[in-house]
*Asks:* 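A single structure is presented below for examination.
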Amino acid sequence: MKKMSRNVLLQMEEEDDDDDGDIGDVPASRRPFLTPHTHLPSSLVLENLGQTIVPDLGSLESQHDFRTPEFEEFNGKPDSLFFNDGQRRIDFVLVYEDESRKETNKKGTNEKQRRKRQAYESNLICHGLQLEATRSVLDDKLVFVKVHAPWEVLCTYAEIMHIKLPLKPNDLKNRSSAFGTLNWFTKVLSVDESIIKPEQEFFTAPFEKNRMNDFYIVDRDAFFNPATRSRIVYFILSRVKYQVINNVSKFGINRLVNSGIYKAAFPLHDCKFRRQSEDPSCPNERYLLYREWAHPRSIYKKQPLDLIRKYYGEKIGIYFAWLGYYTQMLLLAAVVGVACFLYGYLNQDNCTWSKEVCHPDIGGKIIMCPQCDRLCPFWKLNITCESSKKLCIFDSFGTLVFAVFMGVWVTLFLEFWKRRQAELEYEWDTVELQQEEQARPEYEARCTHIVINEITQEEERIPFTAWGKCIRITLCASAVFFWILLIIASVIGIIVYRLSVFIVFSAKLPKNINGTDPIQKYLTPQTATSITASIISFIIIMILNTIYEKVAIMITNFELPRTQTDYENSLTMKMFLFQFVNYYSSCFYIAFFKGKFVGYPGDPVYWLGKYRNEECDPGGCLLELTTQLTIIMGGKAIWNNIQEVLLPWIMNLIGRFHRVSGSEKITPRWEQDYHLQPMGKLGLFYEYLEMIIQFGFVTLFVASFPLAPLLALVNNILEIRVDAWKLTTQFRRLVPEKAQDIGAWQPIMQGIAILAVVTNAMIIAFTSDMIPRLVYYWSFSVPPYGDHTSYTMEGYINNTLSIFKVADFKNKSKGNPYSDLGNHTTCRYRDFRYPPGHPQEYKHNIYYWHVIAAKLAFIIVMEHLIYSVKFFISYAIPDVSKRTKSKIQREKYLTQKLLHENHLKDMTKNMGVIAERMIEAVDNNLRPKSE
């Protein structure tokens, strides 16, 4: 029996051949790892996590201590989720390739891998897990090791991991809906309760073995659901050792998979997704999820969040809950956005300034100055007729209303999501998750420095000193800063491209409108430059994105966060900071920098002393910003859907093609799942990142594109079902993980919401022409500045285009470079400056200062108005609803009452037994004396 609980480790003096980095390496004398004595009380097991155990085994040849799994043949039941005995449930599956059947000459390497695996499996058995091995039906080189955790192991580690389990059924009644008359409508959108039955709600408490009788245990087999069982087994698998080299231990299933000793490790799906299991004990949850969640016919229905959480864990569940809530809120924003778009579309014929641009006697006779040196010609204003008509749609009063609305909408979304998240925290038992989250194995492996805890005054191990932590933070921050500078350099490259190619398009494209060629009406030099630059910018964004993903992971691994939540939050901040600059930098350039610092034709501003700065169209840069947003947002959505749908489907299709020869054989559940695609640990992270980037497009630049919420709504409706389809049909089942909330994404969205107010106010003020038009209408169309007797927009174009004398071009170059381009004495340009011959020629006129004052006033008023409303809404809407608070207080009360009363009863009972024994003993001692 002594050998049964002994930890088996390999000791090797020769050089190790692993190439998977240093994760999981630590001196064995300092590495805390799991004790194999799972039959001890949980408190002792937890205490032994930090004990030092030095293996005293010999070299590789000493294999007599190895305990190997039982080998069994496949019993022909493809839907079975149990060992061959039909009693022990399969909680996890490990897959490896039998070294004795590998077609390779590296016999030494194969032998080392085999013995590492044997040591690891032996230690799993020593830790209380039960293993059963079965050879593959289709490929006899593959071996599947099925892992089962017995009741005692589950109870022990449930206490170690502070897993909350049911105490008693929830006795709080659900409040009836205030919209009772709409129940028929909500019933159509809800999941059919006869198919997916609602989960029974329980009051819960962290599990304790010595109080097992207090918990609601009706059936031992069902007390720990499959997701919880898999999570417990994975906790053990990730911490068990398998080798010691020079007093340095190696441990964990992740390292074994990365080094190729195991091919895969995963929990099982419970059935096929297209049909129910033939096993009557199977809950068929995968089939139900596919039918009621992932199937296209369920696209209009609500998501079965409780079943998603039960099957995939809280981390997956909270993501889909957030995505669904975000999509619901987008419906309101999309309706208002479409209304504002239709308002602009229906009123574009009343756009006076656009009519002036298109009028042959106004725009057709206004000669515009060349927008580049030497090669660019003079051009007539009416060639921008079509773009001015489009601009009327987006640059209207409805855009202002929509920008204010979105500032309020984003606050409502965030505040109501907090309430919804609080409900899910209670319902899914994650209210106090931070207290129970375990350290990552990679972090534990580096805990070699001993310090005194300031709170407990006890010794604890940390991975590095304060000085070492400062060095790591400095290096990580420097690396992130370098990559941000690289993105800025790429943006500057795009700007240089725009400046260079604009000259080419200006020389090659037609100078005047020819009514017989419709392409000439739309393909202006500005439009051609904008579209090509946006496409190139999108390609560069995707390339840099792919590279930086790997860099960010390397930086975060080097930083070594303690828990998985800390790891993901750190990676989230790095990735979002990069993505923010990567995706939004070109939009910020067009919105706030292009056309703002161009000088005037006689004294233009040059980039790098060579390239003349870009100018906007006479109507401003708003339409170009809209084009940029449409290309990047649409291209990103198309590219992501191609990656998410086609890539896993094609990979699985190729795999089925290679296995077609054995397709007539019956394959077990574990082999079917093995041939699905693995989903990396950061798979969900990229889903969040994709949606947050979209959230930024919807909020930061919505003043230039009111249809952005509609595009996001359509994309998200498809995204939910595409993600569901991927998880249910194309990927192996994920290891269930706990999550309290959406993590660092919440403060990121709050930061975006605050920034969005500023960006939209500045877009309306500086990018659109709304403020100059209002200033002209109310001040410069009537005396003393104007000639009209009433307020009007007539004459706006002529009033806002300054005059330049062509002869003044000589001041900047030898001779006049435009002398052969026509007999033009003057030309017009977009600015508010005095004409030639004025005492202050080419200086900013009074109109300019009126416009600047109006823009600054507008920004201040709009920001303060929206921020006041936002803060009032945040104050008025509590983060946790009254009903949820009642449930939480009720659960705490019942937990204390139940556990403490039962504890007092046990103490009273024990004290009574002790008192009876003492009285009996005293009576026995006194009786002989009296006799």
Side-chain angles (χ1 to χ4, degrees), residues 161-164 191 196 198-199 201 204 225-228 230-231 234 285 289 293-294 302-330 413-438 563-573 575-576 679-692 694-695 716 719-724 726-728 731 733-750 879-881 884 887-888:
M161 298 169 67
H162 306 284
I163 296 177
K164 287 186 174 183
V191 176
I196 298 181
E199 293 291 323
E201 293 187 11
T204 61
N225 62 37
T228 304
S230 298
R231 191 158 69 94
Y234 181 74
E285 291 173 349
L289 285 172
W293 180 44
K302 294 181 180 179
Q303 301 180 83
L305 292 177
D306 287 333
L307 184 59
I308 296 170
R309 171 249 182 174
K310 180 182 177 183
Y311 192 75
Y312 288 111
E314 287 76 8
K315 192 171 185 178
I316 298 289
I318 197 73
Y319 164 72
F320 281 103
W322 172 80
L323 182 56
Y325 198 82
Y326 171 44
T327 305
Q328 290 177 21
M329 292 294 291
L330 275 176
F413 163 62
L414 293 176
E415 292 303 318
F416 282 118
W417 165 246
K418 289 179 185 177
R419 291 168 62 91
R420 176 60 177 149
Q421 186 171 258
E423 293 176 4
L424 293 175
E425 286 179 15
Y426 168 75
E427 293 173 3
W428 294 353
D429 296 323
T430 59
V431 175
E432 299 176 352
L433 178 64
Q434 296 296 329
Q435 300 179 8
E436 64 184 72
E437 190 171 10
Q438 304 293 326
T563 64
Q564 184 65 23
T565 299
D566 294 338
Y567 180 89
E568 292 182 1
N569 289 345
S570 177
L571 182 62
T572 295
M573 296 306 297
M575 284 294 294
F576 178 76
M679 188 172 183
K681 275 189 173 182
L682 298 176
L684 196 60
F685 168 83
Y686 295 123
E687 302 294 340
Y688 270 118
L689 183 61
E690 176 188 350
M691 289 295 103
I692 295 298
Q694 180 207 88
F695 179 78
N716 288 6
E719 181 76 18
I720 291 174
R721 305 304 164 175
V722 166
D723 288 346
K726 283 191 313 181
L727 287 176
T728 311
F731 286 103
R733 188 173 182 178
L734 299 174
V735 178
E737 295 182 56
K738 283 277 187 179
Q740 186 178 26
D741 48 36
I742 60 175
W745 302 112
Q746 182 79 24
I748 285 175
M749 286 194 298
Q750 292 173 341
D879 292 346
V880 183
S881 65
T884 303
K887 286 186 175 183
I888 293 174

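For the single chain, residues carry numbers from 1 onward in sequence order. Since we're looking at a predicted model, the values are computed, not measured.
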*Asks:* CZ/Arg420 to OG/Ser881 distance, rounded to the nearest 0.5 angstrom?
*Replies:*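 Rounded to the nearest 0.5 Å, the CZ-OG separation comes out at 10.5 Å.
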*Asks:* Can you tell me how far apart OH (Tyr325) and CG (Leu305) are? Round to the nearest 0.5 Å.
*Replies:*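 The distance works out to 12.5 Å.
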*Asks:* Please answer whether the main-chain N or O of Asp566 pairs with a side-chain N or O of Ser570 as donor and acceptor at a distance below 3.5 Å.
*Replies:*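 Pair absent, no side-chain N/O of Ser570 close to backbone of Asp566.
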*Asks:* Do you know the tightest heavy-atom contact between Ala739 and Thr430?
*Replies:*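 Shortest heavy-atom contact: O-CG2, 3.6 Å.
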*Asks:* In terms of the angle between their ring planes, are Trp745 and Phe685 parallel, tilted or perpendicular, with boundaries placed at 30° and 60°?
*Replies:*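 Trp745 vs Phe685 ring planes: tilted.
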*Asks:* Give, for atom CG of Asp879 and atom CG of Leu414, the distance between the pair rounded to the nearest 0.5 Å.
*Replies:*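 Separation between the atoms: 10.5 Å.
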*Asks:* If you compare all heavy atoms of Ala227 against all heavy atoms of Pro736, which two are closest, and at what distance to 0.1 Å?
*Replies:*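 So the minimum-distance heavy-atom pair works out to O-CG, 3.5 Å.
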*Asks:* Heavy atoms only: give me the nearest Tyr688-Tyr319 pair and the separation to one decimal.
*Replies:*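 Heavy atoms of Tyr688 and Tyr319 come nearest at OH-CA, 3.2 Å.
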*Asks:* Under the side chain to side chain contact (heavy atoms under 4.5 Å, CB included) criterion, do Glu737 and Leu684 qualify, and how do the steps go?
*Replies:* CA-CA 12 Å; Glu737 295 182 56; Leu684 196 60; over 6 Å; no
*Asks:* Taking the side chain as every heavy atom from C-beta outward, state whether Lys738 and Arg231 have any atom pair closer than 4.5 Å.
*Replies:*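 Sidechains of Arg231 and Lys738: in contact.
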*Asks:* For Tyr326 and Gln694, what are the C-alpha separation, side-chain angles and deciding distance, and is it a side chain to side chain contact (heavy atoms under 4.5 Å, CB included)?
*Replies:* CA-CA 11 Å; Tyr326 171 44; Gln694 180 207 88; 2.9 Å; yes
*Asks:* Under the side chain to side chain donor-acceptor pair (under 3.5 Å) criterion, do Asn225 and Thr228 qualify, and how do the steps go?
*Replies:* CA-CA 5 Å; Asn225 62 37; Thr228 304; 2.9 Å; yes
*Asks:* Does the cation-pi check pass for Arg733 over Tyr311, that is, NZ or CZ under 6.0 Å from the six-membered ring centre and within 45° of its axis?
*Replies:*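 Ring-cation test returns yes.
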*Asks:* When rounded to the nearest 0.5 angstrom, what distance separates CE in Met573 from CE in Met575?
*Replies:*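 Reported value, rounded in 0.5 Å steps: 13.0 Å.
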*Asks:* Do you know which two heavy atoms are closest between Thr728 and Ala294, and how far apart they sit?
*Replies:*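 Taking every non-hydrogen atom into account, OG1-CB, 4.0 Å.
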*Asks:* To the nearest 0.5 Å, what is the distance between CG (Leu424) and CD (Glu314)?
*Replies:*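 One finds 10.5 Å between CG of Leu424 and CD of Glu314.
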*Asks:* Can you confirm whether Met679 is buried at CE, in the sense that more than 12 heavy atoms of other residues, nucleotides or ligands lie under 6.0 Å from that atom?
*Replies:*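 Above 12, so yes.
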*Asks:* Salt bridge between Lys726 and Asp723, side-chain N to carboxylate O under 4.0 Å?
*Replies:*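 Looking at Asp723 together with Lys726, the answer is yes, because their closest N to O distance falls below 4.0 Å.
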*Asks:* Give the minimum heavy-atom separation between Met691 and Glu719, together with the two atoms involved.
*Replies:*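 Minimum heavy-atom contact is CE-CG, 4.0 Å.
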*Asks:* Which value, rounded to the nearest 0.5 Å, describes the distance between Trp322 atom CH2 and Ile742 atom CD1?
*Replies:*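 Trp322 CH2 to Ile742 CD1: 6.0 Å, rounded to 0.5 Å.
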*Asks:* For Trp417 and Phe413, I'd like to know if the aromatic rings sit close, meaning centre-to-centre distance below 6.0 Å.
*Replies:*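 When the ring centroids of Trp417 and Phe413 are compared, they turn out to be at least 6.0 Å apart.
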*Asks:* Would a distance-only check, ignoring hydrogens and angles, find a side-chain to backbone donor-acceptor pair under 3.5 Å from Arg721 to Trp293?
*Replies:*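 Confirmed, Arg721 side chain pairs with Trp293 backbone.
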*Asks:* Testing the basics here: between Tyr312 and Leu289, what is the closest heavy-atom pair and its distance to 0.1 Å?
*Replies:*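 The answer is CE1-CD1, 3.8 Å.
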*Asks:* Whether the side chain of Gln746 engages the backbone of Asp741 through a donor-acceptor N/O pair (distance < 3.5 Å, no angle test) should be reported.
*Replies:*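 Answer holds: no.
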*Asks:* Walk me through whether Gln303 and Thr327 qualify under side chain to side chain contact (heavy atoms under 4.5 Å, CB included).
*Replies:* CA-CA 12 Å; Gln303 301 180 83; Thr327 305; over 6 Å; no
